Amino acid sequence: MRCVIILITMDKKDEKTEIKTEFLVMHMQGEDCVDQDMDGIRRAGEIMQKGGLVAFPTETVYGLGGDALNPDSSRKIYAAKGRPSDNPLIVHIAELDALPKIVSHIPQTAWKLADAFWPGPLTMILPKSDVVPKETTGGLDTVAVRMPSHGVALALIRAAGGYIAAPSANTSGRPSPTKASFVAEDLNGKIDMILDGGEVGIGLESTIVDLTVEPPQILRPGYITKTMLEEVLGKVAVDATVLALASGEECSQAPRAPGMKYRHYAPKGQLTIVRGEEQAVADYINAQARADRGAGEKVGVIGTEELLARYEADVVKSAGSRTDEATIAHRLYGILREFDEEQVTRIYSESFATEGLGQAIMNRLLKAAGHHVVDV
Ligand code: TXA
Ligand code: MG
């Protein structure tokens, strides 16, 4: 197994602690681990059973995992991410039999959704049982549960004892990592190990659906769309703050997923979304880019393949074809991070469809832009 050891020295409180982040490259076939990987995964599992933290690939984004039933592990996750401790973690499981231990009541709707979408990019909010510490749920009486489909994630969950609490493996406020080097950028020297499974497939975090309310409510849009959920459950609602973000309206309510209130996914450069007819969008962006560059800014554009040739800026990046939302979702966070690396200070993006997977793409893009949208 190829194995790169990275040594970092950190100052923690007064004493000097050295956390060695070990970097293990997986040799998967598709999304399944091969024998060579299993030795590393077993060691990662042992680290977590002793209270340590391991970052790992899932089909959505990389997760930062600790033992979900150990309150100390959850505290360490918040510290490593710099995340507010009222923002609950998702508990990842590898089999359905693991559900009754952590959930006090499993409604029929949960079994139906598990049957249709697990393993996969869907997180369900359910009433928690007593074994789940409040540290993991940010003080809430409910718990978020997901069964990922990625082979490394599933093998790791089993090796760690069945329950991994894992937020996305980024520093709080940065875009979620879609490959291991992005995890290392944020968390090197703060966690014990990074399992490198290459680039993730989907690139946006899981859909979150709250099953403790009637009708079930989408708290965070993702790859599993409202239409797909409604095919299984009948009527499904969407959290008011998610809808308000999409429509640009004010919303006095707090989002029901605590994490959605933070300005997540933000690049360092100021991002503006430009909405309108194709040529008007290109003309507006080019005029802005000229003015910004004149003022000493470095300007980046996120465009679709179809319009790319029309832009004049310092850096122009393709999110993929307009007709291929899966590719746009897959590339978005990577592009935002690349703009940071290239020290782009002003970013303009085309806008995307607001239905289906487009709803998840626009939700993340609007948050990254701090709601900054221009209609032309
Ligand atoms: O795809 C994903 O879901 C990735 C991978 C690693 O599985 N994980 C992820 O976790 O995106 P995180 O922590 O970045 O986002 C979890 C979101 C937060 O917005 C949090 O507020 C919400 O889930 N959440 C967790 N538990 C909740 C609960 N009991 N009630 C409402 N929202 C909850
Ligand atoms: Mg996150």
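Start at 1 and go down the list; that is how both ligands and their atoms are numbered. Since the structure is predicted, the reported quantities are computational estimates derived from the model, not experimental observations.
- Note on ligand 1: L140 sits in its first shell, one or more heavy atoms being nearer than 4.0 Å.
- Nearest approach of I224 to L229, heavy atoms of both residues: CG2-CD2, 3.8 Å.
- Side chains of S318 and E305: a donor-acceptor N/O pair is present below 3.5 angstrom, by distance only.
- Ligand 1 has an N or O atom lying under 3.5 Å from an N or O atom of T142, backbone or side chain.
- In summary, the atoms of ligand 1 found under 4.0 Å from a heavy atom of T60, numbered by their order in the structure, are 1 (O), 2 (C), 4 (C), 5 (C).
- Under the 4.0 Å criterion applied to side-chain N and carboxylate O atoms, E306 and R322 are not assigned as salt-bridge partners.
- The distance criterion of under 3.5 Å between nitrogen or oxygen atoms is not met by T58 with respect to ligand 1.
- More than 12 heavy atoms of other residues, nucleotides or ligands shown are found within 6.0 angstrom of CD on E341.
- In terms of polar-atom proximity, Y62 is not counted as a contact of ligand 1, lacking any N or O under 3.5 Å from an N or O of the ligand.
- Heavy atoms of K128 stay at 4.0 angstrom or farther from ligand 1.
- Distances from atom 14 (O) of ligand 1 to the heavy atoms of S168, P177, G65 put S168 nearest.
- Using a 4.0 Å cut-off between charged nitrogen and carboxylate oxygen, D340 and R337 do not count as a salt-bridge pair.
- Among P84, A166, P88, the residue whose heavy atom sits closest to atom 27 (C) of ligand 1 is P88.
- The pair K226-E355 does not count as a salt bridge, with every side-chain nitrogen at least 4.0 angstrom from each carboxylate oxygen.
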